[in-house]
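Encoded as structure tokens, the structure appears first; notes follow it.
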Amino acid sequence: MEASTAPWTSCLLDENTFTENFMNRIRPRKTYLCYKVEILDGDARVPLDEKKGFVRNKGANEPGMPRHAECYFLDRIRSWNLDRGLHYRLTCFISWTPCHSCAQELATFLGENSHLSLHIFASRIYRRPGYEAGILTLQAAGAQIAIMTSKEFQHCWENFVDHQERPFRPWVGLEVESQHQCNELQAILQTQAN
DNA sequence: ATTTTCAAT
């Protein structure tokens with residue numbers, strides 16, 4: 001269960017919320033997106049820890065218009081007004097890959113903000129009409145897209161979860177499912193490599 | 001390979 005106030009905007013993820021949404025063999029009907037920001041300075045990467053957090057989609061069963069997690073993510077980035085004279089890397093760990101529409105929006109955003117680069121790690125591939133084209137559009141816009149492996153799940157656990165000092169414990173089937181999703185993503189990404 | 005999946009057949 002989640003906190004009752006503004007569940008799609010908080011600081012650290014509840015352990016169960018993390019597991020229930022990022023466990024890659026299940027298909028939750030909601031999406032969580034954890035993000036972090038770094039300044040790229042030559043080969044160095046300087047983390048901006050104050051700009052780290054997560055967002056969640058708002059479902060059709062909640063008040064107001066439904067909104068995908070990526071929209072909230074874009075809201076946050078825009079609100080920061082990051083310095084155009086610097087270069088930033090945005091990394092997000094998202095429980096579903098962006099849908100066609102969100103992928104288009106992210107791609108447009110990247111096109112308008114050459115000082116930002118985006119790395120996406122997804123737990124699993126979202127398959128709704130146009131999802132393949134969306135992923136290709138994102139890739140063409142310069143985004144790096146990959147499937148989360150145990151390394152990324154552990155990173156999320158350590159950085160975005162209220163883990164109470166407990167170590168990350170991989171679930172059964174994590175590696176197999178990750179490899180499976182990865183194979184499918186590679187197949188999509190290579191579609192237009194011609 | 002099976003997937004019904006940012007909910008509502």
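Letters go in sequence order (proteins before strands), and every chain restarts at 1. Side chains included, hydrogens not; waters and symmetry mates left out as well; all remaining heavy atoms used.
Contact check, R27(A) against dT4(B): a side-chain N or O comes under 4.0 Å of OP1 or OP2. Checking the phosphate oxygens (OP1, OP2) of dT5(B), no side-chain nitrogen or oxygen of Y126(A) falls inside 4.0 Å. Residue N57(A) places at least one side-chain N or O under 4.0 Å from the OP1 or OP2 atom of dA7(B).
Nucleic acid contact class of A69(A) (heavy atoms, under 4.0 Å, all strands): base. The residue T97(A) sits close to a base: some heavy atom pair falls under 4.0 Å.
By the 4.0 Å N-to-carboxylate-O rule, R124(A) lies too far from E184(A) to be salt-bridged with it.
Both cation-pi conditions hold for R67(A) and Y72(A): the charged atom is under 6.0 angstrom from the six-membered ring centre and inside a 45 degree cone around its axis.
Donor-acceptor pairing under 3.5 Å, judged by distance alone, is absent between the side chain of R127(A) and the base of dT4(B). The base of dT3(B) does not come close enough to the side chain of H180(A) for any donor and acceptor atom to sit less than 3.5 Å apart. One can find a donor-acceptor pair under 3.5 Å joining the base of dT5(B) and the side-chain atoms of R128(A).
The distance from atom CH2 of W96(A) to atom C1' of dA7(B) is 12 Å, rounded to the nearest whole Å. dT5(B) atom P lies 13 Å from atom CG of N21(A), rounded to whole Å. One interatomic measurement links the two molecules: CD of E177(A) to C1' of dA1(B), which rounds to 11 Å at whole-angstrom precision. Across the protein-nucleic acid pair, K30(A) atom NZ and dA8(B) atom P stand 15 Å apart, rounded to whole Å. Regarding Y32(A), its OH atom lies at a distance of 17 Å from the P atom of dT5(B), rounded to whole Å. Whole-Å rounding puts the F22(A) CZ to dT5(B) C1' distance at 15 Å. Between the CD atom of E105(A) and the C1' atom of dC6(B) there is a distance of 13 Å, given to the nearest Å. Look at CG on L33(A): it is 20 Å from P on dT5(B), rounded to the nearest Å.
Between dT9(B) and dT4(B), the distance separating the two P atoms is 16 Å to the nearest Å.
Here dT2(B) is the nucleotide among dT5(B), dT2(B), dC6(B) with the atom lying nearest to any side-chain atom of E184(A).
Aromatic ring pairs are classed by plane angle as parallel below 30°, tilted from 30° to 60° and perpendicular above 60°; the pair W171(A) and F168(A) is perpendicular.
In this structure E50(A) satisfies the side-chain hydrogen bond (donor to acceptor under 3.5 Å, both in side chains) test with no other residue, sequence neighbours excluded.
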Any chance you could lay out the side chain to side chain donor-acceptor pair (under 3.5 Å) test for K36(A) and H155(A), step after step, and finish with the verdict? CA-CA 11 Å; K36(A) 65 174 182 178; H155(A) 178 84; 3.2 Å; yes
